[in-house]
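Here the structure comes first, spelled out in structure tokens, and everything after it is commentary.
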Amino acid sequence: MSTSDRRKPYPFDLIEPAWQRVWAERGTFRVPNPGDPGFDAGRPKYYVLDMFPYPSGAGLHVGHPEGYTATDIIGRYKTMRGFNVLHPMGWDAFGLPAEQYAIKTGQHPAVTTAQNVAHFKGQLQRIGFGYDWSREVNTTDAGYLRWTQWIFLQIYGAWFNPDTQRAEPIATYTGEEPDHVRLAYVAEAPVNWCPELGTVLANEEVIDGKSEVGGHPVERRPMRQWMLRITAFAQRLIDELEGLDWPVGIKLLQSNWIGRSEGAEVGFQTIPNPEPEPGTHYRSPWIKVFTTRPDTLYGATYLVLAPEHSMVDYVVTEEQATAVEEYREKTARKSDLDRTELAKEKSGIWTGAFAINPVNGERIPIWIADYVLPGYGTGAIMAVPAHDERDWEFARKFALPIRAVVSETPALGLGGGSSPCDAEPLECFTGEGFAIHSGPLDGLPTPIAKAEIIARLEALGVGKKTINYKLRDWLFSRQRYWGEPFPIVWENGRHRALDASELPLTPPPLDDFKPTGTGEPPLAKATDWIRYSETATRETNTMPHWAGSCWYYLRYCDPQNAERFVGVEAERYWMTGAVPENPQSAIRNPQSQSGVDLYVGGTEHAVLHLLYARFWHKVLHDLGHVSTPEPFQRLVNQGLILGSDGQKMSKSRGNVVNPDDVIGEYGADALRCYEMFMGPLEATKPWSMTGVEGVARFLARVWRLVMEENQLGEWIVSPAVQKVEPDKALLRVVHATVKKVGEDIEELSFNTAISQMMVCTNALVNLNPRPISAIRTLLLVLAPFAPHLAEELWARLDGDGLIAGQTWPTYDPAVLVVDEVEYPVQVNGKLRDKIVVSKDAPTADVEAAALALPKVAEHTAGKTIRKVIVVPGRLVNVVAN
RNA sequence: GCCGGUGUGGCGAAAUGGCAGACGCAACGGACUUAAAAUCCGUUUGGGCGAAAGCUCAGUGCGGGUUCGAGUCCCGCCACCGGCACCA
């Protein structure tokens with residue numbers, strides 16, 4: 001028998017579309033904003049958000065509904081609990097795949113995007129998610145991208161005031177050249193250029209020297225690009241992680257990515273060439289290095305500049321000029337991939353020049369090497385080979401001197417008589433210890449030596465305490481067609497903003513979207529569009545697709561607003577709970593401080609979307625456009641769903657599961673429940689079709705609790721369902737189920753919630769008569785998980801209105817109390833027997849009953865009973881030896 | 001190398017420091033059926049003893065520790081998965 005004509009366990013194929021229609025027609029999941037008819041200010045708000053999908057041509061896979069089902073259960077549950085629930089969905093529809101598909105087929109990306117969105121939406125609706133579709137957003141709509149551009153203009157029109165540590169309107173800047181401090185600026189900088197994609201990429205989009213999309217090689221190239229000054233917010237982006245209810249792993253990932261490190265900047269004066277007579281006073285430029293170990297300054301035996309460093313041309317001697325130039329060219333040709341892959345073997349070359357170590361006046365050589373990165377710190381280092389692995393390797397290879405200045409033990413550092421001509425150390429020691437061979441620092445433990453040397457350098461004016469971040473400014477322009485055009489025009493070599501009234505600026509119609517290959521964006525081909533006026537032309541770069549996702553959660557609050565990116569009251573209500581009548585005191589969800597109350601999505605966005613969105617949000621917050629400093633209060637990462645072979649799902653492995661097929665065979669409720677029953681939401685877990693079948697069987701059992709087939713083959717309410725009182729045992733199971741399912745939903749422990757509902761169903765299934773009250777309660781707690789089935793049976797049992805609109809049931813703790821308790825009795829921690837006693841039995845009675853057991857006597861024979869531990873309500877343990 | 005996470009039956013998993021394996025899958029046995037499917041009932045961690053009900057020992061990646069009692073807490077390892085990786 002083929003699977004397609006297998007008898008359906010219950011008629012889900014009829015009831016599911018029917019209820020989806022009812023919900024749509026009645027607007028069941030529409031939620032009003034403050035001021036709208038039907039808005040109830042007395043209810044607390046709950047904002048539960050999914051990471052909106054990129055509508056790819058492939059459609060949904062079973063990974064999508066995992067997180068979506070979790071949020072849907074939460075949304076439906078919170079609604080039953082009396083919250084105003086905001087649970088929206090939309091489309092992150094700009095981006096490379098649509099454009100590449102367009103290039104291949106010649107079809108406009110807007111066309112394919114619309115098709116894909118329709119396909120995705122149909123698939124999502126078939127799963128029965130309770131989204132408020134009236135709030136649907138699409139990042140490519142003119143009504144949306146208009147505000148993406150408007151936010152860009154806010155960023156462009158702002159600067160970071162170091163005194164207030166806040167973004168402020170550029171008008172408050174009193175310096176010379178505002179363009180130098182804007183949060184959006186143009187820079188000629190080495191960028192990640194991907195020839196295959198014909199665009200530059202952000203650091204975050206480059207993985208192991210290859211593009212995140214497509215895996216094409218990426219090379220470094222200097223280009224004029226738009227940058228966003230995210231580095232100004234580095235410290236706040238780290239600090240303000242603390243108050244967020246996010247997985248620790250993600251917080252760590254993000255703060256490591258930002259990569260704060262404390263150290264010092266130290267200046268080394270270069271020695272002019274030819275070298276002046278000793279004792280001559282001369283002026284020559286200084287090289288600044290960054291180090292986290294200023295305490296090792298006495299062990300610095302050479303300097304290394306990045307090959308790209310601007311001082312290289314200045315210091316290089318005539319004899320070394322050719323060799324240095326060759327080395328620099330070789331480095332420039334290397335892609336990032338080569339540069340890291342060849343990391344095993346250090347390379348470099350001497351510039352012929354020397355510099356002066358500021359603390360001991362020593363003359364040390366200046367080298368260039370590609371292991372020093374141009375983008376980090378000052379692009380130059382002092383090399384301390386005795387205490388840094390990389391410097392050690394380099395010094396060994398090029399026979400440079402190695403001098404130990406930190407000792408693991410204090411003894412070696414004492415005495416002060418240690419001379420700097422001690423033998424070279426046998427190995428590199430990178431840990432902390434005590435300074436030696438370091439003049440005034442000798443004997444000091446590393447942390448104190450650091451502070452001491454920094455104080456001395458500052459006094460001499462040749463160094464200072466510094467904090468460095470790995471985070472780079474965000475490369476924000478792309479040479480692509482399918483993205484938001486910059487609302488910028490160029491005139492006389494300078495950029496300026498479009499007026500907000502000129503927005504939206506939609507991409508020009510174009511037949512040929514292909515990258516030009518030269519780095520010139522495709523928009524350059526739209527010659528009419530480019531011309532803004534006689535003297536001004538439009539910027540032809542577009543924004544990266546992250547732009548739209550940086551603020552979509554705000555647009556959901558007020559998606560139709562034509563006056564503002566989000567209405568003031570709508571934003572305040574959904575982000576803080578404050579209602580217009582009383583804007584000062586927010587009704588806050590006790591579980592959440594601010595912002596989106598629950599955000600569910602994959603880990604892959606830990607350092608991309610989640611960092612960018614926080615950055616934009618902080619700018620908007622500083623400028624007074626949003627109420628909270630952080631967008632997402634609570635974050636949960638759903639785990640990856642693997643194929644049934646335990647491998648990542650992929651077309652090539654042929655292990656991809658299509659949710660449409662699952663729905664066709666077992667129904668949407670079975671798909672939803674199986675996705676939640678597989679295991680903990682955050683765990684990686686393999687798909688199993690027989691597992692789906694098991695869950696479908698459970699749902700069919702619930703169906704048959706209520707329904708049976710008559711002789712005509714019609715489903716009718718079973719006569720076993722009657723208005724009778726449940727007995728004590730059943731009542732206890734039902735109340736325990738209400739308690740556990742509610743608590744488990746709060747903890748996002750959906751798998752155990754479903755287990756409990758199975759237990760409850762199993763308790764009901766063989767009863768005749770079956771108490772209708774117990775069944776109704778079961779349906780209420782099942783409703784968020786299997787909403788179609790619950791609606792249908794609720795209606796069949798003549799329930800009032802929709803089950804989606806019911807109040808969550810309560811349980812009576814008194815019902816859960818049992819009269820008699822069974823105690824396991826252990827002897828020396830091993831289970832030997834059990835006793836049943838009254839729940840109120842005093843401890844002494846429990847102990848006596850346990851000791852009276854023959855099994856206990858047997859196992860304590862020949863031993864002395866030392867102690868009897870009675871844990872009330874739990875167990876008895878007899879300790880004997 | 002560094003940082004996270006995870007290790008429990010044949011499989012997915014569950015267990016406020018308190019009866020390890022709930023719930024489900026698969027497997028096996030049975031009922032119903034002309035037969036099958038579906039459904040329902042039962043068995044199912046391993047070893048030893050027993051004709052049997054049962055008894056007993058061992059068991060949560062490995063080695064230690066704390067505790068009356070450890071899957072759970074502490075210390076030290078191992079394996080796998082994910083992230084970062086010349087960041088000075």
Scan [X] against the nucleic acid and name what it touches under 4.0 Å (heavy atoms): base, sugar-phosphate only, or nothing.
{"X": "A:Gly259", "value": "nothing"}
{"X": "A:Arg832", "value": "sugar-phosphate"}
{"X": "A:Ile869", "value": "base"}
{"X": "A:Lys251", "value": "nothing"}
{"X": "A:Thr603", "value": "nothing"}
{"X": "A:Val759", "value": "sugar-phosphate"}
{"X": "A:Leu875", "value": "base"}
{"X": "A:Arg866", "value": "nothing"}
{"X": "A:Asn468", "value": "nothing"}

Reckon [X] has a side-chain N or O less than 4.0 Å from the OP1 or OP2 of [N]?
{"X": "A:Asn762", "N": "B:A22", "result": "no"}
{"X": "A:His859", "N": "B:U56", "result": "yes"}
{"X": "A:Arg701", "N": "B:C23", "result": "no"}
{"X": "A:Arg697", "N": "B:C23", "result": "no"}
{"X": "A:Asn256", "N": "B:C2", "result": "no"}
{"X": "A:Lys470", "N": "B:A88", "result": "no"}
{"X": "A:Ser755", "N": "B:A13", "result": "no"}

Any idea which of [options] is nearest the [X] side chain?
{"X": "A:Thr690", "options": "B:C25, B:C19, B:A88", "result": "B:C25"}
{"X": "A:Lys830", "options": "B:A58, B:A88, B:G12", "result": "B:A58"}
{"X": "A:Thr752", "options": "B:A88, B:A14, B:G12", "result": "B:A14"}
{"X": "A:Ile381", "options": "B:C86, B:A88, B:A26", "result": "B:A88"}
{"X": "A:Pro824", "options": "B:A88, B:C19, B:U56", "result": "B:C19"}
{"X": "A:Pro680", "options": "B:C23, B:A14, B:G69", "result": "B:A14"}
{"X": "A:Pro686", "options": "B:G12, B:G18, B:U56", "result": "B:G12"}
{"X": "A:Leu253", "options": "B:G83, B:U56, B:C86", "result": "B:G83"}
{"X": "A:Asn751", "options": "B:G4, B:G18, B:A14", "result": "B:A14"}
{"X": "A:Trp257", "options": "B:A88, B:A85, B:G12", "result": "B:A85"}

| field | Distance between C1' atoms of B:U33 and B:A26 (Å, rounded) | value | 24 Å

Using whole Å, what does the distance between atom [atom2] of nucleotide [N] and atom [atom1] of [X] come to?
{"X": "A:Glu822", "N": "B:G18", "atom1": "CD", "atom2": "P", "value": "17 Å"}
{"X": "A:Tyr376", "N": "B:A88", "atom1": "OH", "atom2": "P", "value": "4 Å"}
{"X": "A:Trp687", "N": "B:G12", "atom1": "CH2", "atom2": "P", "value": "16 Å"}
{"X": "A:Lys867", "N": "B:U67", "atom1": "NZ", "atom2": "P", "value": "10 Å"}
{"X": "A:Leu764", "N": "B:C40", "atom1": "CG", "atom2": "P", "value": "14 Å"}
{"X": "A:Leu611", "N": "B:G83", "atom1": "CG", "atom2": "P", "value": "18 Å"}
{"X": "A:Asn766", "N": "B:A31", "atom1": "CG", "atom2": "P", "value": "18 Å"}
{"X": "A:Trp367", "N": "B:A88", "atom1": "CH2", "atom2": "C1'", "value": "18 Å"}

| Non-neighbouring partners of A:Asp669 that pass salt bridge (charged side-chain N to carboxylate O under 4.0 Å, His left out), sequence neighbours left out |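 Per chain and number, A:Asp669 pairs via salt bridge (charged side-chain N to carboxylate O under 4.0 Å, His left out) with no residue.
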
How long is the gap from [atom1] on [X] to [atom2] on [Y], to the nearest 0.5 Å?
{"X": "A:Glu308", "Y": "A:Asp370", "atom1": "CD", "atom2": "CG", "answer": "8.5 Å"}
{"X": "A:Trp246", "Y": "A:Leu610", "atom1": "CH2", "atom2": "CG", "answer": "4.5 Å"}
{"X": "A:Met689", "Y": "A:Glu665", "atom1": "CE", "atom2": "CD", "answer": "7.0 Å"}

| N/O donor-acceptor pair under 3.5 Å between A:Arg672 side chain and A:Phe785 backbone | yes

| task | Determine the minimum heavy-atom distance between A:Asn828 and A:Lys863, stating which atoms define it. | result | ND2-NZ, 4.2 Å

| said: Between B:U16 and A:Arg874, counting only base atoms on the nucleotide and side-chain atoms on the residue, is there a donor-acceptor pair under 3.5 Å? | reply: yes

Parallel, tilted or perpendicular: ring planes of [X] versus [Y], cut at 30 and 60 degrees:
{"X": "A:Phe12", "Y": "A:Tyr10", "answer": "perpendicular"}
{"X": "A:Phe398", "Y": "A:Trp367", "answer": "tilted"}
{"X": "A:Phe394", "Y": "A:Tyr371", "answer": "tilted"}

| A:Lys397 atom NZ, over 12 foreign heavy atoms within 6.0 Å | yes

| In which stems does RNA chain B show up, taking only runs of three or more Watson-Crick or G-U wobble pairs whose two distances fall under 3.5 Å? |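 Detected stem regions: B:1-7 with B:78-84, B:10-12 with B:23-25, B:27-31 with B:39-43, B:45-49 with B:54-58, B:61-65 with B:73-77.
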
